[in-house]
S.K.: 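Please read through the structure below; I'll follow up with questions.
We number each residue from 1, following the sequence as shown.
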Amino acid sequence: MTRTAEEIAQAHKACLDGADTINAVIATHNKGSDANDGSGDTKADYAYDMTHDEKKARVERSVGYLKYQKALTDWGSESFTVIDKAIADADAFTG
């Protein structure tokens with residue numbers, strides 16, 4: 001499979017979005033009972049209403065996608081620093 005530069009850029013953006021999702025779920029989980037439900041004038045924390053198992057499942061789905069994409073060999077000069085950190089954090093979170 002050969003991807004165009006545009007397809008590679010879109011896939012990299014999707015990976016960064018997946019990393020953002022992982023980071024948001026973990027950050028919300030780490031807030032514990034301080035996670036915000038969106039009441040008042042504040043924005044809700046992502047996944048504030050999920051159980052721990054639901055958060056783990058969400059993170060597992062996202063990290064699976066990141067690992068699949070990262071295994072592709074046509075990335076060129078795209079940076080994986082943020083993505084690699086999200087993968088490591090996700091693996092630690094899901095155990």
S.K.: If you compare all heavy atoms of Ala19 against all heavy atoms of Ala86, which two are closest, and at what distance to 0.1 Å?
M.R.: CB-CB, 3.5 Å
S.K.: Run Glu78 and Leu16 through side-chain contact (heavy atoms from CB on, under 4.5 Å) and show every step you take.
M.R.: CA-CA 11 Å; Glu78 298 289 352; Leu16 291 173; over 6 Å; no
S.K.: Taking His29 for the side chain and Ala47 for the main chain, is one N or O donor matched with an acceptor at less than 3.5 Å?
M.R.: no
S.K.: Should Val25 and Tyr48 be counted in the same cluster of Ile, Leu, Val, Met, Phe, Trp and Tyr side chains packed under 4.5 Å apart?
M.R.: no
S.K.: So which atom in Asp49 and which in Glu54 form the shortest heavy-atom distance, rounded to 0.1 Å?
M.R.: O-OE1, 4.2 Å
S.K.: Could you see if Val63 belongs to whatever hydrophobic cluster contains Met50? Use Ile, Leu, Val, Met, Phe, Trp, Tyr and a side-chain cutoff under 4.5 Å.
M.R.: no
S.K.: Let's go through Asn23 and Lys85 carefully: what are the C-alpha distance in whole Å and the side-chain angles of both, what is the deciding distance for side-chain contact (heavy atoms from CB on, under 4.5 Å) to 0.1 Å, and is it a yes or a no?
M.R.: CA-CA 9 Å; Asn23 294 334; Lys85 178 153 180 8; 5.8 Å; no
S.K.: Under a 3.5 Å cutoff, is there a donor and acceptor pairing between the side chains of Asp53 and Thr51?
M.R.: no
S.K.: Within this structure, what is the CZ-CG distance for the pair Arg3 and Leu72, rounded to the nearest 0.5 Å?
M.R.: 5.0 Å
S.K.: Out of curiosity, Lys70 NZ to Trp75 CH2, how far, rounded to the nearest 0.5 Å?
M.R.: 11.0 Å
S.K.: When rounded to the nearest 0.5 angstrom, what is the spacing between OG1 in Thr94 and CZ in Arg58?
M.R.: 13.5 Å
S.K.: When rounded to the nearest 0.5 angstrom, what is the spacing between CZ in Phe93 and CG in Asn30?
M.R.: 7.5 Å
S.K.: Does Thr28 reach the main-chain N or O of Tyr46 with its side chain, forming a donor-acceptor pair under 3.5 Å?
M.R.: yes
S.K.: Within the structure provided, determine whether Ile87 and Ile83 are in side-chain contact (heavy-atom separation under 4.5 Å).
M.R.: yes
S.K.: In Å, rounded to the nearest 0.5 Å, how long is the span from CD1 of Ile22 to CD of Glu60?
M.R.: 10.5 Å
S.K.: If we ignore hydrogens and angles and just use 3.5 Å, is the side chain of Asp45 paired with the main-chain N or O of Asn36 as donor and acceptor?
M.R.: yes
S.K.: Please give me the minimum heavy-atom distance between Gln69 and Ala11, naming the atom from each residue.
M.R.: OE1-CB, 3.7 Å
S.K.: Within this structure, what is the SG-CD1 distance for the pair Cys15 and Ile8, rounded to the nearest 0.5 Å?
M.R.: 11.5 Å
